[in-house]
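Notes follow once the structure below has been shown.
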Amino acid sequence: MHQQQQLGMPQYISLDKQYSLACEELKQPENLFIAHILREVKVDEEALTKKTTIKIAGNNRLIPVQKVTDADFQILAAVFTNNVFPTGLDLRYNLLSDAGAVHIAAFLQDNHTLLYLNLMFNDIGTIGAEFIAKALHRNDTLLHLRMTGNKIDNKGGMYFAAMMQINNTLQKLDFGDCDLGTQSLIALATVMNHNESIKAINLNRPILYSEEEETTVHIALMLKTNSVLVELHLCKHEMKNFGVEHLCDALYENTTLRYLDLSCNKITRDGVKFLGKLLKLNNTLEILDLNFNRIEDDGAFYLTEALTTHNRTLQALSVTNNSITGQGLVALSESMKTNPVLSYIYIWGNKFDQATSVAFAELLKSSRLKPTGTDVEPYEVDGNTYLAEVSHGLKRHYYWTPSYGEPDNKDANASLAITPVAENL
């Protein structure tokens with residue numbers, strides 16, 4: 001508030017002009033990329049009535065980028081403190097470090113309008129995580145925070161676990177590729193036994209040294225009691241069939257989880273047997289991501305049995321790169337003929353044969369499967385049918401922004417169309 005009075009900017013001066021004044025006031029050189037982005041943002045009565053996310057992403061490939069530094073953010077904070085209309089701030093792929101996290105924390109403590117903050121793939125470490133987490137003890141506005149790709153390590157994860165015991169506003173947290181360890185994963189799972197606001201959490205690719213899967217066991221225990229969580233990402237957890245069994249046992253008692261991501265693990269057909277049994281009774285799950293496991297034909301058969309005769313809630317199934325041959329893929333296609341709910345199926349990276357190509361071509365021709373609901377497209381050469389890959393999926397743009405088109409395209413990110421749980425998924 002002091003800084004706002006000190007800079008003394010009128011409410012409707014353009015953001016780039018406010019930015020220039022702030023740079024002058026704080027004796028800092030202007031960042032031309034920031035100035036360009038702010039020049040495009042309208043500041044008027046209409047802007048005050050709608051949600052606006054300002055995207056200053058450092059991986060923008062359409063215009064020259066001068067990445068945002070710690071000093072740059074200090075000036076941005078001064079500008080945004082004067083404006084109540086920005087509800088989202090996207091700062092992915094920049095140069096923000098622990099020093100910048102100090103300014104981010106101060107901004108979060110004072111700000112009462114920001115709903116979405118994307119800090120993915122900056123250089124924030126454990127110290128920065130401590131500042132941001134402690135600032136969120138007192139922030140009651142922010143709904144979605146992406147820390148993805150910042151190496152906050154195990155200790156940083158512990159600071160956020162402590163924050164989640166106090167903050168009851170945040171709905172979505174992304175800690176993927178943050179180098180979380182066993183201790184912080186267990187702490188986060190334990191806190192979520194009682195947290196009643198977190199609807200979605202990404203815990204992808206922690207650093208785990210044990211083969212005991214104790215983190216999966218704790219997450220399973222949490223799922224037994226948690227009645228809020230809708231979306232859970234457990235990609236690259238070194239999860240094996242033992243862990244899947246525990247998760248499935250817990251999900252018999254869970255009535256809220258709609259999106260389960262088990263991609264890039266070590267799940268085989270025996271693990272999918274537990275998932276098949278679960279799907280016969282579960283009437284909550286809508287999205288199941290099994291990409292990059294090794295479920296093979298038998299795993300596909302277990303899923304097919306559940307989808308054909310029992311399950312009527314799963315809308316999307318992704319089994320790309322799972323060593324499934326024609327038999328298993330044809331079986332999955334057959335399940336769609338009797339299952340009216342399954343609408344999205346992704347199969348690329350498996351072992352296609354002529355029967356697979358014909359089966360999926362027929363599904364598409366009959367309109368049982370829409371072209372936007374799968375990642376393959378049939379074509380013919382010399383009377384034979386083949387499948388080409390199409391850029392559709394559950395979450396194609398999780399880590400990057402496309403060069404053109406919308407990053408939230410519903411074909412490339414089907415999960416947005418099925419179970420959006422917070423702003424700016």
| said: Can a donor-acceptor pair be found, under 3.5 Å and without considering hydrogens, that links the side chain of Asp353 to the backbone of Ala355? | reply: yes

| request: Examine distances only and state if a side-chain atom of Asn291 and a backbone atom of Ser263 form a donor-acceptor pair shorter than 3.5 Å. | output: no

| request: Evaluate side chain to side chain donor-acceptor pair (under 3.5 Å) for Thr313 paired with Asn283, printing each intermediate quantity in order. | output: CA-CA 6 Å; Thr313 49; Asn283 57 8; over 6 Å; no

| field | Lys67 atom NZ, over 12 foreign heavy atoms within 6.0 Å | value | yes

| request: Could you please spell out the steps behind the side chain to side chain donor-acceptor pair (under 3.5 Å) verdict for Asp72 and Thr69? | output: CA-CA 5 Å; Asp72 289 332; Thr69 65; 3.1 Å; yes

| task | Begin with the C-alpha distance, continue with both residues' side-chain angles, and end with the deciding distance and a verdict on side-chain contact (heavy atoms from CB on, under 4.5 Å) for Thr216 and Leu247. | result | CA-CA 7 Å; Thr216 307; Leu247 282 180; 3.9 Å; yes

| message | Check whether Asp16 reaches the backbone of Arg39 with its side chain - one donor and one acceptor, N or O, closer than 3.5 Å. | response | no

| More than 12 non-hydrogen atoms from neighbouring residues, nucleotides or ligands closer than 6.0 Å to NZ on Lys370, yes or no? | no

| said: Set out, in order, the CA-CA distance, both residues' side-chain angles and the distance that settles side-chain contact (heavy atoms from CB on, under 4.5 Å) for Glu213 and His237, then state yes or no. | reply: CA-CA 9 Å; Glu213 298 195 74; His237 271 239; over 6 Å; no

| field | Positive for salt bridge (charged side-chain N to carboxylate O under 4.0 Å, His left out) with Glu231, one of Lys395, Lys199, Arg258 | value | Lys395

| For atom CD of Glu196, is the number of surrounding heavy atoms from other residues, nucleotides or ligands below 6.0 Å larger than 12? | no

| task | Please check if atom CZ in Phe80 has more than 12 non-hydrogen atoms from other residues, nucleotides or ligands closer than 6.0 Å. | result | yes

| Is there a side-chain contact between Leu89 and Phe73, using heavy atoms and a 4.5 Å cut-off? | yes

| query | Can Asp90 and Arg92 be counted as an ion pair, charged N to O under 4.0 angstrom? | reply | yes

| remark: Taking every heavy atom of Leu369 against every heavy atom of Met336, the minimum-distance pair comes out as CD1-CE, 3.8 Å

| said: Using only atom types and a distance under 3.5 Å, with no angle test, would you say the side chain of Asn31 pairs donor to acceptor with the backbone of Gln66? | reply: yes

| said: Check Glu362 with Lys365, please: is the shortest side-chain N to carboxylate O separation under 4.0 Å? | reply: no

| field | Min side-chain heavy-atom separation Leu145-Leu136 under 4.5 Å | value | yes

| Rounded distance [0.5 Å steps], NE2 in His137 versus CD1 in Ile166 | 4.0 Å

| task | Could you tell me the separation between the CD1 atom of Ile75 and the NE2 atom of His103, rounded to the nearest 0.5 Å? | result | 9.5 Å

| request: May I ask you to test the Ile132-Leu117 pair for a side-chain heavy-atom distance under 4.5 Å? | output: no

| task | Using modelled atom types only, decide if a donor and an acceptor are shared between the side chain of Ser333 and the backbone of Phe360 within a distance under 3.5 Å. | result | no

| remark: Between the CG atom in Leu285 and the CG atom in Leu251, the distance rounded to the nearest 0.5 Å is 6.0 Å

| query | With distance as the sole test, does Gln354 use its side chain to make a donor-acceptor pair with the main-chain N or O of Thr385 at under 3.5 Å? | reply | yes

| Six-ring centre of Phe301, Arg269 cation under 6.0 angstrom, axis tolerance 45° | no

| request: Mind listing the closest non-hydrogen atom pair of Asp123 and Asn150 along with its distance? | output: N-OD1, 3.5 Å

| query | If every non-hydrogen atom of Ile324 is compared with every non-hydrogen atom of Ala300, which pair is closest and at what distance? | reply | CG2-CB, 4.0 Å

| Yes or no on side chain to side chain donor-acceptor pair (under 3.5 Å) for Asp297 and Thr325, after CA distance, side-chain angles and deciding distance? | CA-CA 6 Å; Asp297 286 344; Thr325 71; 2.4 Å; yes

| Under 3.5 Å: donor-acceptor pair, side chain of Asn111, backbone of Leu108 | no

| query | Does any N or O in the side chain of Asn122 come within less than 3.5 Å of the main-chain N or O of Leu95, such that one atom is a donor and the other an acceptor? | reply | yes

| field | Heavy-atom side-chain contact between Asp411 and Val390 under 4.5 Å | value | no

| message | Does Arg294 have more than 12 heavy atoms from other residues, nucleotides or ligands lying within 6.0 Å of its CZ? | response | no

| Roughly how far apart are Ile37 CD1 and Phe33 CZ, rounded to 0.5 Å? | 4.0 Å

| query | With no hydrogens and no angle check, is any side-chain donor or acceptor of Asn322 less than 3.5 Å from a backbone partner on Thr320? | reply | yes

| query | When you look at CD1 of Ile127, are more than 12 heavy atoms from neighbouring residues, nucleotides or ligands closer to it than 6.0 Å? | reply | no

| query | Judged by modelled atom types alone, do Asp174 and Tyr398 share a side-chain donor-acceptor pair under 3.5 Å? | reply | yes

| Do Phe292 and Lys236 come close enough that some side-chain heavy atom pair is under 4.5 Å? | no

| Whether Tyr93 and Phe121 hold their rings parallel, tilted or perpendicular, with breakpoints at 30° and 60° | parallel

| message | Any non-hydrogen side-chain atom of Leu363 less than 4.5 Å from a side-chain atom of Thr374? | response | no

| said: Please determine whether side-chain contact (heavy atoms from CB on, under 4.5 Å) holds for the pair Asn139 and Thr169, giving the CA-CA distance in whole Å, both sets of side-chain angles, and the decisive distance to 0.1 Å. | reply: CA-CA 8 Å; Asn139 179 294; Thr169 308; 5.7 Å; no

| Can you name the nearest heavy-atom pair linking Ala101 to Gly128, along with the distance? | CB-CA, 3.4 Å

| field | Asp153 side-chain N/O to Thr126 backbone N/O, donor-acceptor pair under 3.5 Å | value | no

| Parallel under 30°, tilted from 30 to 60°, perpendicular over 60°: which one fits the rings of Tyr259 and His233? | perpendicular

| request: May I ask you to check whether over 12 heavy atoms, not counting those of Lys351, lie within 6.0 Å of atom NZ? | output: no

| Yes or no on side-chain contact (heavy atoms from CB on, under 4.5 Å) for Asn350 and Thr356, after CA distance, side-chain angles and deciding distance? | CA-CA 10 Å; Asn350 290 296; Thr356 305; over 6 Å; no

| query | Should Phe175 and Leu188 count as side-chain neighbours, where that means a heavy-atom distance under 4.5 Å? | reply | yes

| Distance, nearest 0.5 Å, that separates NZ of Lys155 from OG of Ser184 | 12.5 Å

| query | If you look at every heavy atom in Thr304 and Ala331, which pair is closest and at what distance? | reply | CG2-O, 3.3 Å

| task | Look up atom CG in Leu91 and atom CG in Asn118, then write down how far apart they are to the nearest 0.5 Å. | result | 7.5 Å

| request: Please assess Asn241 against Thr268 for the test side chain to side chain donor-acceptor pair (under 3.5 Å), listing each intermediate value before the final yes or no. | output: CA-CA 7 Å; Asn241 300 330; Thr268 70; 2.8 Å; yes

| remark: Minimal heavy-atom distance between Thr182 and Glu214, with the atoms involved, is CG2-CG, 4.0 Å

